[in-house]
Amino acid sequence: GIPKLHEVLQGCFDIGAAVNPRTIARSGELIAYHYNSLTAENEMKFASLHPSEEEYTFEEADRIADFARSKGMRMRGHTLVWHNQTPDWLFQDRNGGLVGRGELFARMKSHIDTVVKRYKNSVYCWDVVNEVIADEGDELLRQSKWTAIAGEDFISKAFEYAHEADPNALLFYNDYNESHPIKREKIYALVKSLRERDVPIHGVGLQAHWNLYDPGLDDIRSAIERYASLGLKLHVTELDVSMFEFGDRRTDLTEPTERMIELQIERYAQIFKLFREYKDVIDAVTFWGAADDYTWLDDFPVRGRKNWPLLFDEKHRPKPSFWKVVEGA
Ligand code: XIL
């Protein structure tokens, strides 16, 4: 039979997949077979759970949590505070202007408290704050409605509220371009300052939306070492290996080229070899999807362009990359 990926890597780290109700319906068997951890792809985001102030919509998130429980899988919670997929009402006062900082904190606390408590028996760790570091320039933080209203204090407050709601949950800061040297240093500086102020933070999430060439292995290694030097846990939270470089807008391919396939096999082998070297600090590796029949990269950054970033093909068969990862373990 086909080895189960999470069993192959048992003793190194959990193996997770981001899922949604459609992928569970279509690939539930594959998901329960190879992965021992789940992340809701969209269903636990603010806009999904709390579309208006008076209304919570838990149905889809609950179904994912029920599936995880029924299969004995762990769950990572994603995400409590972000600039995307967050409803406008959160930032607005009655007249449509920006709400005051005290009121924003009260709304954030109430959201975090409700959500974290609801899932405390399913979710063992939360991406509390997602993507607040600026990609470009000298600025530390990305400008958003959060910073416009509350400066930078919303970050530490989010961790404090989450910790109060569930003192047992592991709390993560999560970001992309995490292996880029300039952004790496900014993420490091933010997390270090949270630690120095005794903010309850337990880990750094490396999203790991990578491609065949970028980032280089040396940069990935440096990022792992830098974050690990803070004495925190690391989770790889959203791994995929896109067949296209970010600026590549080609739409002509209906299947990956031989060259792409070869490069991806080698890339996955190297990535997992590196992860295994750092198994004492990396506790979980989650893919942002289960198999190539559905991936968010089919729409991002080029709408409607197929991509093949995962270890299982469109028919849920293990790809050569899968076997390379298994062989290396
Ligand atoms: C993506 C989902 O995969 C898409 O379905 C959705 O349209 C947009 O968000 N970083 C994150 C994830 O932290 O929440 C994002 O997920 C991908 C990038």
Side-chain angles (χ1 to χ4, degrees), residues 39-40 42-51 53 56 58 61 75-92 98-120 122-134 139-176 178 183 186-207 227 230 232-235 237-238:
T39 303
N42 291 298
E43 293 69 14
M44 290 190 180
K45 291 172 182 175
F46 207 124
S48 301
L49 288 180
H50 200 175
E53 182 154 21
Y56 279 94
F58 290 121
M75 262 201 102
R76 301 193 74 263
H78 177 80
T79 179
L80 298 169
V81 169
W82 194 21
H83 62 282
N84 279 333
Q85 293 176 273
T86 301
D88 289 338
W89 70 261
L90 178 64
F91 305 108
Q92 277 166 3
L98 287 184
V99 77
R101 162 195 167 88
E103 177 61 18
L104 179 64
F105 287 167
R107 291 175 184 180
M108 173 171 83
K109 182 172 178 23
S110 152
H111 175 82
I112 290 177
D113 195 62
T114 305
V115 171
V116 169
K117 282 186 173 146
R118 184 177 185 92
Y119 295 109
K120 73 183 327 154
S122 316
V123 167
Y124 78 101
C125 74
W126 276 99
D127 293 330
V128 176
V129 174
N130 198 30
E131 302 183 354
V132 294
I133 295 294
E139 297 251 298
L140 183 69
L141 297 185
R142 168 197 307 280
Q143 294 190 27
S144 68
K145 290 192 178 153
W146 290 106
T147 55
I149 296 168
E152 61 172 79
D153 288 351
F154 69 98
I155 300 170
S156 56
K157 289 268 191 272
F159 282 96
E160 279 157 20
Y161 298 155
H163 187 63
E164 278 170 42
D166 180 5
N168 293 318
L170 298 176
L171 306 182
F172 278 69
Y173 176 72
N174 190 49
D175 214 328
Y176 67 94
E178 73 298 316
K183 192 161 173 189
K186 293 196 217 173
I187 295 171
Y188 174 85
L190 170 69
V191 175
K192 184 163 182 282
S193 101
L194 293 170
R195 292 273 282 163
E196 283 166 0
R197 288 177 280 148
D198 288 322
V199 174
I201 177 171
H202 311 110
V204 178
L206 294 77
Q207 288 190 8
Y227 302 138
L230 291 162
L232 295 170
K233 309 252 176 217
L234 305 188
H235 285 183
T237 54
E238 306 185 14

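In this text, all values refer to a predicted model and were calculated from it rather than measured experimentally. Each residue takes its place number in the sequence, starting with 1.
- The shortest side-chain heavy-atom distance between Val115 and Met44 does not fall under the 4.5 Å cut-off.
- Note that NE2 of His50 is 3.5 Å distant from CH2 of Trp89, once rounded to the nearest 0.5 Å.
- Considering all non-hydrogen atoms of both residues, Leu49 and Ala61 come closest at CD2-CB, 3.8 Å.
- Here the closest non-hydrogen pair linking Arg101 and Ala150 is NH1-O, 3.4 Å.
- Considering only heavy atoms from C-beta on, Trp146 stays 4.5 Å or farther from Leu141 through its side chain.
- For NZ of Lys183, the number of neighbouring non-hydrogen atoms (other residues, nucleotides, ligands) closer than 6.0 Å is greater than 12.
- Separation of atoms NE2 (His202) and CH2 (Trp126) is listed at 15.5 Å; rounding is to 0.5 Å.
- Pairing each heavy atom of Val116 with each of Ala162, the nearest pair is CG1-O, 4.1 Å.
- One distance of note links CG of Leu171 with CZ of Phe159; it measures 6.5 Å at 0.5 Å rounding.
- For the pairing with His78, the side-chain hydrogen bond (donor to acceptor under 3.5 Å, both in side chains) check across Thr39, Thr237, Asp127 returns one residue only, Asp127.
- With values rounded to the nearest 0.5 angstrom, Leu190 atom CG is found 13.0 Å from Arg195 atom CZ.
- In this structure, CD1 on Ile155 lies 8.0 Å from OG on Ser193, to the nearest 0.5 angstrom.
- Using a 3.5 Å distance cut-off with no hydrogens or angles, the side chains of Thr114 and Arg118 do not pair a donor with an acceptor.
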Q | side-chain contact (heavy atoms from CB on, under 4.5 Å) assessment of Lys120 paired with Asn168 | A | CA-CA 8 Å; Lys120 73 183 327 154; Asn168 293 318; over 6 Å; no
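- Side-chain contact between Ile149 and Phe91 is present, with at least one heavy-atom pair separated by less than 4.5 Å.
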request  = List the steps and the verdict of side-chain contact (heavy atoms from CB on, under 4.5 Å) for His111 and Leu90.
outcome  = CA-CA 10 Å; His111 175 82; Leu90 178 64; over 6 Å; no
- Give the intermediate values and the outcome of side-chain contact (heavy atoms from CB on, under 4.5 Å) for residues Met75 and Val123. CA-CA 5 Å; Met75 262 201 102; Val123 167; 4.1 Å; yes
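- Although no hydrogens or angles enter the test, the distance criterion places no donor-acceptor pair under 3.5 Å between the side chain of Thr86 and the main chain of His83.
- Contact record, Thr147 with Phe154: CG2-CE2, 3.8 Å, taken as the closest heavy-atom pair.
- Taking CD1 of Ile133 as the reference point, atom CD1 of Ile187 lies at 6.0 Å (rounded to 0.5 Å).
- Put simply, the side chain of Leu170 reaches to within 4.5 Å of the side chain of Tyr124, judged on heavy atoms.
- Ala158 approaches Met108 most closely through the heavy-atom pair N-CE, 3.7 Å.
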Chi angles and distances behind the side-chain contact (heavy atoms from CB on, under 4.5 Å) call for Val204, Glu178 | CA-CA 10 Å; Val204 178; Glu178 73 298 316; over 6 Å; no
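- For the pair Asp113/Tyr161, no side-chain contact is recorded, criterion being any heavy-atom separation below 4.5 Å from C-beta on.
- Between Thr79 and Phe46, the closest side-chain pair of non-hydrogen atoms is not below 4.5 Å.
- The local environment of NZ in Lys192 is sparse, with at most 12 non-hydrogen atoms from other residues, nucleotides or ligands closer than 6.0 Å.
- The main-chain N or O of Ala40 is never found under 3.5 Å from a side-chain atom of Lys45 such that the two would form a donor-acceptor pair.
- Under the 6.0 Å distance and 45° angle rule, Arg76 counts as a cation-pi partner of Phe172.
- With contacts defined as side-chain heavy-atom distances shorter than 4.5 Å, the pair His235/Asn174 does not qualify.
- Contact annotation: the side chain of Phe58 approaches that of Tyr119 to within less than 4.5 Å [non-hydrogen atoms, C-beta and beyond].
- Across every non-hydrogen atom of Pro51 and Pro87, the tightest pair is O-CB, 3.8 Å.
- Side-chain contact check for Asn84 and Glu131: no donor-acceptor pair (N or O, by modelled atom type) lies under 3.5 Å.
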